[in-house]
Amino acid sequence: MLLDVVSVGGVADTMWTLSYEMVFYLLVTALFLIRGHDRSGLLSMGFAAGAVVVGLVASGAVLKGGWPAYVSCAVFVVGLAGVLLGRLRTLSACVLGLMAVTLLVLSSRVPWLGTAVLAVMFAGTAIHRWERGTGRLWPVAVTTALVAISPLWAIESGWWWVRADVWITTIGLAGATFAIGMALRGRRLPRVLVWFGLISYSLYLVHHPVLKYFVEISGDLRRAALPVQLGLSVLAVAVIVAASALTYRYVERPMQELGRRVSRRCRHGLQGGGDQRVARQDPGHDRVLGHQERQVPDRVRDHVGQGDPLG
């Protein structure tokens with residue numbers, strides 16, 4: 001899950017984004033334990049400014065070779081054990097968060113991009129706090145501006161995807177997509193869209209390798225007749241959706257349920273005699289979760305009750 005931040009390729013090309021998700025998760029875990037999670041706006045602006053600076057000074061990974069992957073794997077295993085077993089939980093989480101940010105800046109394939117991704121993620125949490133009346137929106141505007149300019153003078157500038165027009169258009173489209181989703185999140189949705197939402201993570205991971213295999217069989221379709229292109233496109237989509245549904249049903253969902261069982265056992269053990277801070281958590285967390293669940297359409301909540309994540 002940290003492949004891209006140690007400059008290692010994944011089985012599927014789309015897996016590169018999972019590395020930045022994991023960095024975010026590790027960092028947020030540490031922030032919750034040290035009570036620093038409510039500074040979303042400051043964190044988003046900090047990472048956005050960092051993306052600009054890193055882009056100016058770093059052309060790629062500073063820590064190279066295979067050793068960052070092996071060392072980070074060992075630290076991850078030991079740190080995760082400390083978090084789950086409740087022994088030195090806060091220290092273990094902080095070590096993991098510090099390791100994740102260090103790899104992000106010094107060992108990832110495109111350091112400024114990873115830093116900008118973290119800025120956008122924290123901007124999302126800042127929007128959430130603004131919605132709840134516990135934060136302001138202006139840090140999001142500052143973050144957006146900094147992320148928009150972060151690649152323009154970067155050492156890697158010149159790649160097609162970091163040209164100003166492509167980059168800024170991408171940010172604009174991503175922001176519009178997010179805004180539409182936020183605006184519609186409280187509405188009831190057709191069952192088929194809910195189902196696509198449930199398999200969307202599998203769809204995201206599966207579609208690229210399946211497309212590669214499909215093209216190997218079908219060949220280059222750009223010179224084929226239009227009916228052939230349309231027919232094979234429909235077939236490709238059907239194959240991808242079917243494969244995604246299977247991986248969701250037989251891989252993703254069982255692993256989610258296993259993770260919940262392990263989490264419940266660890267939490268029960270900690271409350272019974274481990275880190276007593278777990279038993280004294282702010283009850284407001286439960287109210288937040290309940291509030292978020294009430295925002296979820298009934299059909300989604302039904303699936304969630306069967307073991308699916310809110311996501």
Side-chain angles (χ1 to χ4, degrees), residues 1-3 10-12 14-15 17-34 37 72-97 99-100 121 125 128 194-206 243-311:
M1 293 289 286
L2 289 170
L3 292 173
V11 175
T14 49
M15 290 176 65
T17 62
L18 304 183
S19 302
Y20 303 104
E21 291 184 37
M22 181 56 74
V23 171
F24 179 74
Y25 300 149
L26 293 176
L27 183 55
V28 167
T29 300
L31 289 171
F32 264 96
L33 288 174
I34 63 174
H37 59 282
S72 61
C73 181
V75 173
F76 187 90
V77 170
V78 174
L80 188 60
V83 171
L84 292 177
L85 297 176
R87 301 181 183 279
L88 303 174
R89 171 182 286 108
T90 300
L91 177 61
S92 298
C94 288
V95 168
L96 289 175
M99 177 197 73
M121 289 180 171
T125 66
H128 173 70
V194 174
W195 182 76
F196 271 110
L198 290 174
I199 70 167
S200 61
Y201 201 73
S202 289
L203 187 67
Y204 153 73
L205 287 176
V206 166
S244 303
L246 290 173
T247 56
Y248 169 76
R249 175 64 182 84
Y250 295 105
V251 179
E252 182 181 348
R253 186 166 170 175
M255 291 299 101
Q256 290 171 352
E257 293 171 351
L258 175 62
R260 289 188 182 89
R261 288 197 295 271
V262 172
S263 178
R264 283 194 295 268
R265 289 178 182 176
C266 290
R267 186 164 58 247
H268 177 73
L270 292 172
Q271 291 176 343
D275 190 340
Q276 294 299 318
R277 284 175 298 175
V278 175
R280 296 196 301 269
Q281 283 182 341
D282 184 354
H285 290 308
D286 294 333
R287 289 195 297 271
V288 171
L289 291 174
H291 171 73
Q292 290 176 338
E293 185 174 353
R294 284 192 295 273
Q295 293 179 345
V296 178
D298 293 337
R299 292 171 183 172
V300 176
R301 196 179 309 127
D302 292 341
H303 286 291
V304 171
Q306 297 170 9
D308 298 320
L310 288 174

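- Contact detail for Gly82 and Ser92: the closest heavy-atom pair is CA-OG, 3.6 Å.
- The heavy-atom pair separating Met22 from Met1 by the smallest distance is CB-O, 3.5 Å.
- The shortest non-hydrogen separation linking Leu80 to Leu96 is N-CD1, 3.7 Å.
- For the pair Met121 and Glu21, the minimum side-chain heavy-atom distance is below 4.5 Å.
- Residues Ala93 and Val83 come closest through the heavy atom pair N-CG2, 3.8 Å.
- Evaluation of the side-chain contact (heavy atoms from CB on, under 4.5 Å) rule for Ser263 yields Arg267 as partners, not counting sequence neighbours.
- Atom-to-atom distance recorded for Leu203:CG and Leu198:CG is 12.0 Å, nearest 0.5 angstrom.
- For the residue pair Ser244 and Ser202, the shortest heavy atom distance occurs at O-CB, 3.5 Å.
- With values rounded to the nearest 0.5 angstrom, Glu252 atom CD is found 7.5 Å from Ser200 atom OG.
- How far CD1 of Ile199 is from CZ of Arg253: 13.0 Å, rounded to the nearest 0.5 Å.
- With sequence neighbours excluded, the residues satisfying side-chain contact (heavy atoms from CB on, under 4.5 Å) with Thr125 are Phe24, Ser40, Phe122.
- Distance check, rounded to the nearest 0.5 Å: OH of Tyr20 to CG of Leu2 gives 10.5 Å.
- Across every non-hydrogen atom of Pro254 and Tyr248, the tightest pair is CD-O, 4.0 Å.
- Here the CD1-OG1 distance, from Ile34 to Thr90, works out to 9.0 Å after rounding to the nearest 0.5 Å.
- Listed by chain and number, the residues in a side-chain contact (heavy atoms from CB on, under 4.5 Å) with Val262 are Leu258, Cys266 (sequence neighbours excluded).
- Taking CG of Leu18 as the reference point, atom OH of Tyr25 lies at 8.5 Å (rounded to 0.5 Å).
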